[in-house]
There are 2 protein chains.
Amino acid sequence: MAGDVFKALADSTRRCILDELVERDGQTLFELCTRLVSKHGLDLSRQGVSQHLAVLEDAELVRTRRSGRYKFHDLNTEPLEPLATRWLRPETPGGAS
Amino acid sequence: MAGDVFKALADSTRRCILDELVERDGQTLFELCTRLVSKHGLDLSRQGVSQHLAVLEDAELVRTRRSGRYKFHDLNTEPLEPLATRWLRPETPGGAS
DNA sequence: TTGACAGGCAAGTAATTGCTTGCATATTGT
DNA sequence: ACAATATGCAAGCAATTACTTGCCTGTCAA
């Protein structure tokens with residue numbers, strides 16, 4: 001568990017999925033499939049999308065909630081925050097230690 | 001050219017290289033080799049490091065300058081900036097157009 | 001010029017990854 | 001109960017990736 005966030009972001013299809021979820025949160029697998037094909041011009045099967053979602057979920061970039069036979073996917077931007085700051089130099093503008 | 005920044009960051013060894021360059025800029029290939037082995041416990045050949053550096057350079061995360069037989073590697077954080085902000089929701093706090 | 005040092009190029013290999021197809025499970029409406 | 005819908009699981013395949021070994025080029029000091 002707690003998969004690699006960087007590896008999750010490495011695939012362009014997964015990034016498209018995140019793009020979709022920014023626009024509209026709480027989409028189901030089928031909704032995402034449809035919109036990835038029509039809007040982003042991607043061509044992959046439902047299982048393809050499902051596996052990508054599993055990777056994103058493992059990296060905690062996507063959270064899911066179940067309701068009956070539906071599974072809704074929500075974006076979670078929390079793991080993204082320490083991402084860009086990791087390689088920022090310690091400029092120590094205030095002058096800590 | 002202009003390789004994929006996300007794919008460049010996907011590999012943990014490459015992330016270690018960036019970690020090293022944050023601490024000390026302008027290292028040569030041999031310096032990086034030595035420190036990756038000793039400090040980060042990695043075990044790879046010089047060519048392994050060289051190929052990783054090529055990927056980082058292609059993603060413009062690393063810039064190089066030559067001086068005689070030495071090649072110095074510098075970190076370039078510029079491509080990292082739009083990285084985390086890509087999936088931030090348009091909160092429009094001030095309400096810009 | 002010779003030898004040592006720093007780096008580059010290329011082919012080969014093993015592991016990983018993205019994707020598909022086929023079947024199984026669970027929920028809902030009639 | 002039955003069929004349709006929404007999703008899950010797993011084996012198999014092709015492409016990519018990370019890594020190694022071996023050799024070549026360029027630079028510097030003696």
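Note on naming: letters A, B, ... go to the chains in the order of the sequence lines (proteins, then strands), and numbering restarts at 1 for each one. No hydrogens, no waters, no symmetry mates; every other heavy atom, side chains included, goes into these values. As the structure is a prediction and not an experimental result, all values here were calculated from the model.
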Out of dA6(C), dA18(D), dA6(D), minimum distance to the side chain of H52(B) belongs to dA18(D)
In this structure, how many angstroms lie between the P atom of dG18(C) and the CG atom of D58(A), rounded?
13 Å
Name all pairs fulfilling the salt bridge (charged side-chain N to carboxylate O under 4.0 Å, His left out) condition that reach into residues 8-18 of chain B, sequence neighbours left out, sorted by first residue then second.
D4(A)-R15(B)
Establish, with yes or no, whether the OP1 or OP2 oxygen of dA6(C) is under 4.0 angstrom from a side-chain nitrogen or oxygen of T28(B).
no
Is the phosphate of dG8(D) approached by K71(A) (side-chain N or O, under 4.0 Å from OP1 or OP2)?
yes
So what does Y70(B) hit on the nucleic acid, given a heavy-atom distance under 4.0 Å: a base, only sugar-phosphate, or nothing?
sugar-phosphate
At under 4.0 Å, does any side-chain N or O of R14(B) touch on OP1 or OP2 of dA18(D)?
yes
Would you mind telling me which residue lines up with the more 5' stretch of DNA chain D, Q47(A) or K7(B), judged by nearest nucleotide?
Q47(A)
Return the value, rounded to whole Å, for the distance between atom CG of L44(A) and atom P of dA15(D).
17 Å
Regarding G48(A), tell me which of base, sugar-phosphate or nothing describes its non-hydrogen contacts under 4.0 Å with the strands shown.
base
Could you tell me how far apart R46(A) (CZ) and dT21(C) (C1') are, to the nearest whole angstrom?
11 Å
Which listed nucleotide (dT7(D), dA4(D), dG7(C)) is nearest to the side chain of R69(A)?
dA4(D)
